[in-house]
Visitor: 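To start, I am sharing the structure in question, which I have written as structure tokens.
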2 protein chains.
Amino acid sequence: MDNQEIRKAGLKVTLPRVKILELLEASVPRHVSAEDVYKMLLEKGEEIGLATVYRVLTQFEAAGLVTRHNFEGGHAVFELDRGEHHDHIVCVLCGKVEEFMDATIEERQKEIAAEHGFEMEDHSLIIYGRCNNSSCPGRE
Amino acid sequence: MDNQEIRKAGLKVTLPRVKILELLEASVPRHVSAEDVYKMLLEKGEEIGLATVYRVLTQFEAAGLVTRHNFEGGHAVFELDRGEHHDHIVCVLCGKVEEFMDATIEERQKEIAAEHGFEMEDHSLIIYGRCNNSSCPGRE
DNA sequence: CTCGTAATGCAAAAGATTCTCATCTCTCTT
DNA sequence: AAGAGAGATGAGAATCTTTTGCATTACGAG
């Protein structure tokens, strides 16, 4: 059960934390903002404050349970960390997000970091483009 | 002179815009936030409002004169666009930023976007790591 | 040089995230 | 199972970044 994940992170197993983790696992939209989580909880009838959502999400991030992304738009989005690393492609027109993972790029990044005297710890790669989704606005 | 750059962007050549562009060209810290620009202008005795700094920076971005980056930390940073695209390596300990450009990665990105049915428009690649700078804190 | 439009400054607004603090609830201990 | 203490929560205030409204001012075409 999820509870172990929370406990392992050194956090008390409380209702807000369990509910938020469950919600992330249901992973409906893969990338959700704190506000999204808050609203989804409200819709489910859970009375969890926005401040708590932010706190819990930040704690989950510190514990390595979720990853925070700074896509453009002024607010951060979170996604459950399922172990496998991946990068993102975001449609600048409709906001659709797809994930990918490319060994070639991953490898080159480590080399580049080394060439600059850095030890790579993490990275963020986001490709912005126009998707060919039929429901995507701005298509001629 | 810079004025042409501004004019070409379809903007009037006003004192705030000229001063901000000059400041970006002096490129002291390569990556500055709107707040940074505002303070630097104040120090130089220029009475330019923060709102104007934001407006001008946004216009410059739209005109392709500067690029806006969403590094982590809740605020955006801008840098003068000198034509050549490049990505960044940021030290998680001291915040130092270095730039790099790798043809292999650039190429793969286009391919990946295409594989996902996207037409790449732009991308953001940031490598986070620990630098080996002697003045970098957190070195054992 | 004069006028109309676009730009600026200020202050208020808006959006996102954090903090304060009184209250509540896990968990560990008897 | 009951109690104590540390840690967590909720509501709202506070903070920070960025945007907007509006009256005033400054470009630049004619």
Side-chain angles (χ1 to χ4, degrees), chain A residues 1-23 31-42 44-63 65-79 95, chain B residues 1-23 31-42 44-63 65-78:
Chain A
M1 57 193 64
D2 317 333
N3 303 10
Q4 291 317 306
E5 308 251 38
I6 296 174
R7 209 180 297 276
K8 257 187 289 180
L11 302 169
K12 280 197 203 170
V13 179
T14 60
L15 191 138
R17 299 216 254 244
V18 171
K19 289 300 175 190
I20 291 174
L21 187 50
E22 274 178 6
L23 197 159
H31 304 81
V32 292
S33 67
E35 190 76 33
D36 291 336
V37 171
Y38 175 64
K39 283 185 188 141
M40 290 163 99
L41 288 170
L42 275 190
K44 289 185 152 206
E46 302 294 343
E47 290 293 332
I48 296 176
L50 181 54
T52 299
V53 173
Y54 273 103
R55 270 186 299 237
V56 171
L57 250 16
T58 300
Q59 293 159 341
F60 281 2
E61 184 196 14
L65 286 175
V66 307
T67 302
R68 178 197 304 254
H69 297 288
N70 293 296
F71 291 169
E72 35 194 51
H75 63 281
V77 295
F78 300 80
E79 82 176 302
Chain B
M1 58 192 67
D2 317 333
N3 303 10
Q4 291 316 308
E5 308 252 37
I6 297 174
R7 208 179 301 274
K8 256 187 288 180
L11 302 168
K12 279 200 205 170
V13 178
T14 61
L15 191 138
R17 299 215 254 240
V18 172
K19 289 299 175 189
I20 292 175
L21 187 49
E22 274 177 7
L23 197 159
H31 305 79
V32 293
S33 66
E35 190 75 32
D36 291 336
V37 171
Y38 175 63
K39 284 186 189 143
M40 291 162 99
L41 288 171
L42 274 189
K44 289 185 154 207
E46 302 293 343
E47 291 293 330
I48 297 177
L50 181 54
T52 300
V53 173
Y54 273 103
R55 271 186 295 235
V56 170
L57 250 16
T58 299
Q59 293 159 342
F60 281 2
E61 184 195 12
L65 287 175
V66 306
T67 303
R68 178 197 304 255
H69 297 287
N70 293 295
F71 292 170
E72 34 195 52
H75 62 282
V77 294
F78 300 80

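Lettering follows sequence order; numbering is per chain, from 1. Being a predicted model, the structure only gives us computed values, none of them experimental.
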Visitor: Start at the 5' end of DNA chain D and walk down; is the nucleotide closest to B:Thr14 or to B:Gly74 reached first?
Guide: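 Nearer the 5' end of the strand: B:Gly74.
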Visitor: State which of D:dG10, C:dT27, D:dG28 makes the closest approach to the side chain of A:Thr52.
Guide: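 Closest nucleotide to the A:Thr52 side chain: D:dG10.
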Visitor: Separation of B:Leu15 atom CG from C:dA7 atom C1', in whole Å?
Guide: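 It is 12 Å, rounded to the nearest whole Å.
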Visitor: side-chain contact (heavy atoms from CB on, under 4.5 Å) for B:Thr58 and B:Arg68? Distances and angles first, verdict last.
Guide: CA-CA 9 Å; B:Thr58 299; B:Arg68 178 197 304 255; 3.4 Å; yes
Visitor: Whole Å only: how far is the CZ atom of A:Phe60 from the P atom of D:dA8?
Guide: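 After rounding, the reported distance stands at 11 Å.
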Visitor: At a cut-off of 3.5 Å, list every protein nitrogen or oxygen paired with a nitrogen or oxygen from nucleotides 19-25 of chain D, distance to 0.1 Å.
Guide:
unit_1, atom_1, unit_2, atom_2, d
D:dG21, O6, B:Arg55, NH1, 3.3

Visitor: Distance check needed: C:dA11 P versus B:Glu47 CD, whole Å only.
Guide: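 Nearest whole value for this atom pair: 12 Å.
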Visitor: Report the distance from atom CD of B:Glu46 to atom C1' of C:dT8, rounded to the nearest whole Å.
Guide: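 In whole Å, C:dT8 C1' lies 14 Å from B:Glu46 CD.
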Visitor: Using side-chain contact (heavy atoms from CB on, under 4.5 Å) as the criterion, list what pairs up with B:Ala62, not counting sequence neighbours.
Guide: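 If we apply the side-chain contact (heavy atoms from CB on, under 4.5 Å) test to B:Ala62, skipping adjacent residues, there are no hits.
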Visitor: Mind checking salt bridge (charged side-chain N to carboxylate O under 4.0 Å, His left out) for B:Glu35 and listing every partner two or more places apart, or none if nothing turns up?
Guide: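 For B:Glu35, no residue satisfies salt bridge (charged side-chain N to carboxylate O under 4.0 Å, His left out) once neighbours in sequence are set aside.
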Visitor: Calculate, to the nearest 0.5 Å, the distance between atoms CD and CG belonging to B:Glu47 and B:Leu42 respectively.
Guide: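 So the gap between those two atoms works out to 6.0 Å.
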Visitor: Among residues at least two apart in sequence or on other chains, which ones pass side-chain hydrogen bond (donor to acceptor under 3.5 Å, both in side chains) with B:Thr14?
Guide: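 None.
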Visitor: Verify side-chain contact (heavy atoms from CB on, under 4.5 Å) between A:Ile20 and A:Phe60, making sure each step is shown before the conclusion.
Guide: CA-CA 10 Å; A:Ile20 291 174; A:Phe60 281 2; 4.2 Å; yes
Visitor: Please report the distance, rounded to the nearest Å, between NZ in A:Lys19 and C1' in D:dG10.
Guide: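 After rounding, the reported distance stands at 18 Å.
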Visitor: For nucleotides 2-6 of chain C, which of its nitrogen or oxygen atoms have a protein nitrogen or oxygen under 3.5 Å away, and what is each distance?
Guide:
unit_1, atom_1, unit_2, atom_2, d
C:dT5, O2, B:Lys12, NZ, 3.3

Visitor: Specify the separation, in whole Å, of atom CZ of A:Phe71 and atom P of C:dA16.
Guide: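 Going from CZ in A:Phe71 over to P in C:dA16 covers 16 Å.
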Visitor: For the pair made of CD1 in A:Ile48 and P in C:dT25, what is the distance, rounded to whole Å?
Guide: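 Computing the A:Ile48:CD1 to C:dT25:P distance gives 13 Å.
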Visitor: Listed by chain and number, what are the ring pair (Phe, Tyr, Trp, His ring centres under 6.0 Å) partners of B:Phe71, not counting sequence neighbours?
Guide: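 For B:Phe71 the ring pair (Phe, Tyr, Trp, His ring centres under 6.0 Å) partners, ignoring immediate neighbours, are B:His31, B:His69, B:His88.
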Visitor: Under 4.0 Å, counting only non-hydrogen atoms across every strand here, what does A:Glu35 touch: a base, just sugar-phosphate, or nothing?
Guide: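 Nothing, no heavy atom under 4.0 Å.
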Visitor: My understanding is that only residues two or more places apart in sequence, or in another chain, count here; which of them pass side-chain hydrogen bond (donor to acceptor under 3.5 Å, both in side chains) with A:Asp36?
Guide: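 Per chain and number, A:Asp36 pairs via side-chain hydrogen bond (donor to acceptor under 3.5 Å, both in side chains) with A:Ser33.
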Visitor: Could you name each residue pair satisfying salt bridge (charged side-chain N to carboxylate O under 4.0 Å, His left out) that touches residues 11-20 of chain B, not counting sequence neighbours?
Guide: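 Residue pairs with at least one partner in residues 11-20 of chain B: B:Lys19-B:Glu22, B:Lys19-B:Glu46.
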Visitor: Measure the angle between the two terminal helix axes of the helix from C:dC1-D:dG30 to C:dT30-D:dA1, five base pairs each, and quote it to 10°.
Guide: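 Comparing the axis at each end, I get an angle of 30°.
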Visitor: For the atom pair CD (A:Glu5) and CG (A:Leu11), what is the distance rounded to the nearest 0.5 Å?
Guide: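 Interatomic distance, A:Glu5 CD to A:Leu11 CG, rounded to 0.5 Å: 11.5 Å.
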Visitor: Can you check the B:Gln59 CD to D:dT18 P distance for me, whole Å?
Guide: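 Taking atom P of D:dT18 as the reference, CD of B:Gln59 is at 16 Å.
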Visitor: Look up atom CG in B:Leu65 and atom CD1 in B:Ile6, then write down how far apart they are to the nearest 0.5 Å.
Guide: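 Between atom CG of B:Leu65 and atom CD1 of B:Ile6 there are 8.0 Å.
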